[in-house]
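Remarks on the structure that follows.
When a ligand or atom number is given, it counts from 1 through the structure's own listing order.
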Amino acid sequence: MKYYPIILSATLLSLSSVSVFAGNAFYGDAPDANHPWAVHDLNRPQPPRVEPGATVGDAPSDAVVLFDGTVASFQSNWQHVKPQDKRKADWTAQDGYMLGVGGAGYIETQAQFGDCQLHIEWSHAQQLPGTGQGRGNSGVFLPGGIEVQVLDNYNNPTYSDGTAGAVYGVMPPAANALRAPGQWQSYDIIFRRPIVRDGVVLDEGSMTVLMNGVVVQDSTPLDGGGGWKKRKPLNQPYPAVGPLSLQDHGNPVRYRNIWVRPLRSRPVEGGTDGRLSETATNAKRAEIGAEVRASAANMQGMDQTMRLLEAFMYDFDSVAWDVCNRQVTESIGELRALATAELRLRKKQVMHLHNALSYLQRFGTISADYQPAKELHGIADAMGWLK
Ligand code: MG
């Protein structure tokens, strides 16, 4: 009669209680020189929760509301650029909108912003007099002074890089999606400022603009921005933050429902979204690896081993490796002592460990000659679990 050992080993007991995530510890393609996380990596932080507005165009929960239709929000968020004694009129808030009139000068936010998502709605009261750039001209100026043109060119030809939805002096809109004068128009703008450091253009910046829901700028390179008959060379530092401002071009224009949200930082600013440099990737991988190892500190047995093995996806730590190597070697020794029927009950856990070691070998983290992995492979193969 065959002898079936009674399973009392603490290691084997814990082998049967591997956490839900441990078997998923090794995700898709591993971290590499430019990607600190694996594909589908469960250690990658969850995005923050944002409650969207009730309908498209309403401010989401994390937006900075710059004008909600009230006089109070107008007064607490905006200021005239020109001193009072230098202007002939004032911007006002009434009937749920802000009104800019000729002689009031620009108005700007009291707060400063960097890269941002901006929602803003505007309208002309009615069909306006004037032609070309002289009909309903205003403008939405993003931080640093690049303008998205506001104009009544519904039926009023002018130079295309100065029509509504143009990045003024840089790029015409891809389409004229204006509604007729007198109706409310909307802009949704995603602004990424140019980043120039030590004379080197690290990112030329971009603007995406939706006019009334239609894409009219699609990651348009900013090229330093433009002005009237001018290009602005991209050879000097672009401000990291600045106010948002609205133009007085001598024509009355209404604005309402204005809100802004900051965007996540880019890799050139130390952010981790996107393809990272090798140096930044290595630093981030070391950080993630340390966090994963720290999270293993209160675990026991095979749960701990699996979590420590997971950390090797990011970087190699010799102390953790000693712990893993010892526990893996012990576990395999104990598995070898099990009879087939007992071993069969451990299939899931054995395969978790087998797959973890295979993953690390496949991506070169541990040697292809690592003997315990070979032994585990042999056990799994003999049980017919590799088919
Ligand atoms: Mg303008």
Side-chain angles (χ1 to χ4, degrees), residues 66-67 78-82 87-91 97-109 113 116 118-189 191 193 205 207-212 214 216-217 220 222-232 242-256 258 260:
L66 293 170
F67 183 64
W78 296 87
Q79 60 195 16
H80 288 87
V81 174
K82 267 189 188 173
R87 59 182 194 260
K88 299 179 184 133
D90 288 343
W91 286 72
Y97 57 82
M98 291 163 43
L99 176 65
V101 293
Y106 286 45
I107 197 170
E108 67 181 11
T109 56
F113 303 95
C116 60
L118 173 66
H119 177 89
I120 188 164
E121 298 171 18
W122 56 275
S123 83
H124 301 108
Q126 67 242 335
Q127 181 79 49
L128 294 163
T131 57
Q133 294 288 305
R135 188 190 290 181
N137 194 331
S138 181
V140 177
F141 283 70
L142 282 301
I146 296 179
E147 179 184 10
V148 176
Q149 176 69 305
V150 167
L151 192 75
D152 171 16
N153 59 278
Y154 182 73
N155 188 13
N156 168 38
T158 182
Y159 48 84
S160 62
D161 63 0
T163 58
V167 179
Y168 187 80
V170 175
M171 186 63 69
N176 179 344
L178 282 174
R179 304 184 204 280
Q183 297 193 48
W184 283 96
Q185 325 275 351
S186 70
Y187 281 162
D188 288 283
I189 299 173
F191 169 71
R193 72 189 188 283
M207 192 109 74
T208 293
V209 180
L210 280 73
M211 177 199 290
N212 297 322
V214 176
V216 295
Q217 302 288 345
T220 298
L222 295 177
D223 196 25
W228 184 51
K229 297 186 176 179
K230 298 271 188 225
R231 289 192 188 96
K232 294 182 183 170
L244 291 155
S245 63
L246 303 175
Q247 186 182 41
D248 164 22
H249 200 280
N251 305 138
V253 183
R254 302 169 171 187
Y255 289 96
R256 73 175 186 188
I258 310 171
V260 64

Total protein N/O/S atoms sitting under 2.8 Å from the Mg ion (ligand 1), waters ignored, is 5
Minimal heavy-atom distance between G102 and A89, with the atoms involved, is O-CB, 3.8 Å
No-hydrogen, no-angle side-chain donor-acceptor test under 3.5 Å, Y97 and S123: no
Sorted by chain and number, sequence neighbours left out, salt bridge (charged side-chain N to carboxylate O under 4.0 Å, His left out) with R231 holds for none
Sorted by chain and residue number, the salt bridge (charged side-chain N to carboxylate O under 4.0 Å, His left out) partners of R254 (sequence neighbours excluded) come out as none
query: Under the 3.5 angstrom rule, does the side chain of D248 hit a backbone N or O of G103 as a donor-acceptor pair?
result: yes
Cut-off 3.5 Å, no hydrogens considered: what does the side-chain donor-acceptor table look like for residues 166-181, sequence neighbours left out?
{"residue": "Y168", "atom": "OH", "partner": "Y159", "partner atom": "OH", "Å": "2.5"}
{"residue": "N176", "atom": "OD1", "partner": "L178", "partner atom": "N", "Å": "3.1"}
{"residue": "N176", "atom": "ND2", "partner": "N153", "partner atom": "O", "Å": "3.3"}
{"residue": "R179", "atom": "NE", "partner": "W184", "partner atom": "O", "Å": "3.1"}

